There are 2 protein chains.
Amino acid sequence: MAMGRPRGFDVDEVLEAALRVFWAKGYEGTTMADLSAATKLRAGSIYGAFGSKEGLFKQVVDRYSDNVYGYGAAALAADSPREVARLWLYGAADATTRPEYPAGCLLVQGALAAGDAAIEPGADLRARRQVAVVKLTERFAEAGELPPDVDPGDAARYVIALSQGFAVQAASGASRAELRSMADLALRQLPWE
Amino acid sequence: MAMGRPRGFDVDEVLEAALRVFWAKGYEGTTMADLSAATKLRAGSIYGAFGSKEGLFKQVVDRYSDNVYGYGAAALAADSPREVARLWLYGAADATTRPEYPAGCLLVQGALAAGDAAIEPGADLRARRQVAVVKLTERFAEAGELPPDVDPGDAARYVIALSQGFAVQAASGASRAELRSMADLALRQLPWE
DNA sequence: TGATATCTTGAACAGAGATTCAAAAAGTGT
DNA sequence: ACACTTTTTGAATCTCTGTTCAAGATATCA
């Protein structure tokens, strides 16, 4: 049985190009014309491969979570709360100021406040941010690592709040050096220590 | 000489109504139809009074900076870095979780990532965020209050990063209690102490 | 080669977006 | 009452947006 005409593009390259656009302009600020220009595909091909602008965005966010945002996994594997926090903060400082990517974090600036057309993408990003909170909370909840009067959830939200602040400031033009310096300051004395 | 027909609305009430819409949906996510519905004005009246959607947004941001976001002034007037940080963080926790307003911070979620139509509003918000960094840096730079090896700019960016993280998490649905608890954790031990 | 299946293309589509405008309305001052 | 000025109204405008579609292109399999 016939296989049909093969794709003239590489899905990964297209997702990579679309990622940069969504990252820089946000979901609502990105137009199909932007995506068409960045991917060098006609709108019809994008619809054929991804179903809709929203479908493309979802796959882009998947890719982002797995790759660019993946420093979290390394941090979670560290063997002390301090080391977890250090890797998380350094990872955030670097990930939000990559020279080859737009500044900031897609999960934060992709659709923080959403109009009617972006409710679902916004909820998707929010859920993914929440995953980080849950994972970090579980990590901090491991026995005997935090003082007993410190709530692991508070500690997790604290570290994540800082990294989200990094994302906002990176999007505002802060340099990697400034963010790293801020991380160093925070690591002078973690609040539960 | 004749005075012309008087306005049928109160500018302050209209700005207040528009504020809630921009706050909840962001600049790009807000449509003139949204604004028209919230203010009970026809588009023509809005244009007559504010010139454009962008002009209305600027005035809304002015109002926001003066009123809702004004807890910063109280914090800056405190007499120690710890007290400045405490008032700033508590103020941010409360301001981003007001029951009568949308969650989060207009300056953060109004236009963090912007498409072509929102470049200027985005730059406006960024400049206003930067004002907070500068003011807090100046406050922390006052003689003899921080350890000499701590950069006042780092300290300012640290406090602001936390409060911006509060804004992101509030927009994600975090409760006031969670944010306050996070602030308390941060205040157990400030990193420069 | 021919049948089949998928992809690409480019135009067309309908709806929504911000903005404008002429006419009607509603005040002030003489 | 009249002239004058500004606001309100409601429709119209015009661009942009996401999406669809039919026709042509390009592969595989028999």
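What you see is a predicted model, and the numbers here were worked out from it, not measured in a lab.
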| said: Hydrophobic cluster membership, with links at side-chain heavy-atom distances under 4.5 Å among I/L/V/M/F/W/Y: are A/Val61 and A/Val108 in one? | reply: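 No: no chain of side-chain contacts under 4.5 Å links A/Val61 to A/Val108.
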
To the nearest Å, give me how far apart [atom1] ([X]) and [atom2] ([N]) are.
| X | N | atom1 | atom2 | answer |
| --- | --- | --- | --- | --- |
| B/Ile46 | C/dT20 | CD1 | C1' | 14 Å |
| A/Asp116 | D/dT17 | CG | P | 18 Å |
| A/Leu41 | C/dT9 | CG | C1' | 12 Å |
| B/Met3 | D/dC2 | CE | P | 23 Å |

Donor-acceptor pairs under 3.5 angstrom involving side-chain atoms of residues 72-80 of chain A: please list them, not counting sequence neighbours.
residue, atom, partner, partner atom, Å
A/Ser80, OG, A/Glu83, N, 3.1

Would you compute the distance between atom [atom1] of [X] and atom [atom2] of [Y] and round it to the nearest 0.5 angstrom?
| X | Y | atom1 | atom2 | answer |
| --- | --- | --- | --- | --- |
| B/Arg176 | B/Thr96 | CZ | OG1 | 8.0 Å |
| B/Leu41 | B/Phe9 | CG | CZ | 5.0 Å |
| B/Leu125 | B/Leu106 | CG | CG | 6.0 Å |

Distances for protein N/O vs nucleotides 18-21 of chain D N/O pairs under 3.5 angstrom?
residue, atom, partner, partner atom, Å
D/dG18, OP1, A/Thr30, O, 3.1
D/dG18, OP1, A/Lys53, NZ, 2.9
D/dG18, OP2, A/Thr31, OG1, 3.0
D/dG18, OP2, A/Met32, N, 2.6
D/dT19, OP2, A/Tyr47, OH, 2.1
D/dT19, OP2, A/Lys53, N, 3.1
D/dT19, O5', A/Tyr47, OH, 2.7

| Does A/Asp124 come within less than 4.0 Å of A/Arg128, counting only side-chain N to carboxylate O? | yes

| said: Please determine whether a side-chain nitrogen of the Lys or Arg among A/Arg20 and A/Glu100 lies less than 4.0 Å from a carboxylate oxygen of the Asp or Glu. | reply: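 No, this pair does not count.
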
| request: Give the minimum heavy-atom separation between A/Ala155 and A/Leu146, together with the two atoms involved. | output: CB-CD1, 3.8 Å

| Heavy-atom pair of closest approach, residues A/Leu187 and A/Arg82 |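 Result for this residue pair: O-NH2, 2.6 Å.
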
| query | Quick one: is A/Arg42 getting a side-chain N or O under 4.0 Å of the C/dG10 phosphate, OP1 or OP2? | reply | yes

| said: Below the 4.0 Å mark, does C/dT8 have OP1 or OP2 next to a side-chain nitrogen or oxygen of A/Ser45? | reply: yes

| Residues in contact with DNA chain C, drawn from residues 7-19 of chain B - heavy-atom cutoff 4.0 Å | none

| field | Listed once per pair and sorted, the side-chain hydrogen bond (donor to acceptor under 3.5 Å, both in side chains) pairs that draw on residues 27-39 of chain A, sequence neighbours left out | value | A/Lys25-A/Asp34

| field | Residue pairs, two or more places apart or on separate chains, that pass ring-ring contact (aromatic ring centres under 6.0 Å, His included) and touch residues 123-166 of chain A | value | A/Phe140-A/Trp192

| No-H, no-angle donor-acceptor pair, B/Arg5 side chain to D/dT7 base, under 3.5 Å |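 Yes, the side chain and the base share a sub-3.5 Å donor-acceptor pair.
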
| task | Enumerate the residues from residues 117-128 of chain A whose closest heavy atom to DNA chain D is under 4.0 Å, giving them by residue number; use none for an empty result. | result | none

